[in-house]
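The first residue of the sequence shown is numbered 1, and numbering continues consecutively from there. Counting starts at 1 for both ligands and their atoms, in listed order.
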Amino acid sequence: VNQSFPIKKMLLRNRLLSLNLTSFLSPPSPLPKSASFLFSFNKTIAHSTHKRPESKPDVSASRAAKQPMSERARFAKTVLFVPPGVDPEDVTDEMILPGSNIVVGPYAGHSQIKEVEFVKSSGRAKDCPKDDRPEFAILGRSNVGKSSLINALVRKKKLLLLLRNQVGKTQLINHFLVNKSWYIVDLPGYGFARASDAARTDWSSFTKGYFLNRDTLVAVLLLIDASVPPQRIDLDCANWLGRNNIPMTFVFTKCDKLKASKGKRPDENIRDFQELIRENYKQHPAWIMTSSVTGLGRDELLLHLSQLRNYWDQ
Ligand code: GDP
């Protein structure tokens with residue numbers, strides 16, 4: 001049981017950032033206009049529920065049998081990431097992590113990183129560590145802020161150096177063991193501006209092999225730079241993961257860049273991004289705003305990972 005969770009719950013109240021999610025769940029509907037960009041998805045992405053689902057309690061299914069789902073619950077189910085063990089009918093705004101669409105459920109637990117250990121660099125998916133521990137792969141365009149985010153999560157300067165030295169030289173899958181119980185996996189960045197077509201193809205087959213064959217992959221954290229407008233290569237990547245039923249969480253980076261001299265604000269870029277991918281999803285994947293500069297979203301992301309991991313571990 002996570003001791004920090006009651007404190008978290010208090011902090012969550014009234015702290016939702018951007019996109020006016022606070023008003024999503026206040027009956028009576030009408031639904032806010034700002035929410036419409038998340039509506040009407042038409043493909044199901046079973047985030048975190050695709051691993052051994054038969055062994056999990058399905059609270060929502062038993063409730064749904066007794067009474068029809070309300071408009072509010074249906075809406076929550078469409079735009080929010082409602083984790084296993086939570087009935088969409090029971091979602092309240094203090095259950096939503098600030099700056100995200102993520103509902104915290106009963107599987108959330110101990111989330112802080114006490115120790116982290118570099119285990120291995122692998123050139124191929126089949127060379128990755130062979131054990132049953134769950135893992136999260138971190139993926140994103142080159143320069144998206146991946147090293148900074150990993151460093152902020154683990155709070156270890158040495159790791160950053162290690163990552164910096166490796167990324168760019170050769171394309172490797174780097175496994176970091178956290179608290180001796182789960183892995184953070186650093187994948188090669190994509191979209192190097194000057195990469196040849198051959199290099200891009202290499203990246204694809206290499207990384208795709210990992211995604212499609214890694215049984216212990218709980219979810220991909222797909223990093224998206226919120227300080228720039230949506231990029232085609234990120235959308236392609238998200239859509240490829242979606243088509244292949246790889247669970248993912250969009251982690252928007254650089255959300256501190258609130259007053260860019262020109263262009264849109266991070267929350268506007270985030271909304272534009274979601275708008276562009278919405279046709280592909282019946283239920284929207286989890287998303288969260290972060291900043292490695294201010295620490296925004298760090299604890300919330302770790303809490304989210306804990307609930308995905310603990311559910312997977314059952
Ligand atoms: P990587 O190539 O994806 O590993 O990206 P890095 O972590 O090396 O970051 C790329 C650039 O973005 C660096 O100049 C960082 O200082 C900057 N950066 C990374 N994260 C943030 C962030 O949260 N906020 C801001 N303002 N800049 C960031």
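Where the criterion is an N or O separation shorter than 3.5 Å, residue side chain and backbone included, Lys257 fails it with respect to ligand 1. At a 3.5 angstrom cut-off on N or O pairs, Cys255 does not count as close to ligand 1. Between Ser292 and ligand 1, at least one pair of N/O atoms sits closer than 3.5 Å. Checked against a 3.5 angstrom limit, the closest N/O atoms of Asn143 and ligand 1 fall inside it.
Salt-bridge check for Arg232 with Asp236: passed, with a basic side-chain N closer than 4.0 Å to an acidic carboxylate O.
Closest approach of Cys128 and Ser122 over heavy atoms only: CA-OG, 3.4 Å. When all heavy atoms of Val228 and Arg141 are compared, the closest pair comes out as CG2-NH2, 3.9 Å. Asn269 and Ser227 get closest at one heavy-atom pair: ND2-C, 3.5 Å.
Aromatic ring orientation, Phe250 versus Phe273: perpendicular (interplanar angle above 60°, classes split at 30° and 60°). Between Tyr210 and His175, the ring-plane angle classifies as perpendicular under the 30° and 60° cut-offs.
Taking the ring centre of Trp182 as origin, the terminal cationic atom of Arg133 falls outside the region bounded by 6.0 Å and 45° from the ring axis.
Contact atoms of ligand 1 toward Ser148: 6 (P), 7 (O), 9 (O), 19 (C), 20 (N) (distance under 4.0 Å to a heavy atom of the residue).
Of all the heavy atoms of Lys146, the ones lying under 4.0 Å from any atom of ligand 1 are found in both the backbone and the side chain.
Here the shortest heavy-atom distance to atom 26 (N) of ligand 1, taken over Asp225, Thr253, Asp256, belongs to Asp256.
Put simply, part of Val293 is less than 4.0 Å from ligand 1, judged by heavy atoms. Within the 4.0 Å heavy-atom shell around ligand 1 one does not find Gly140.
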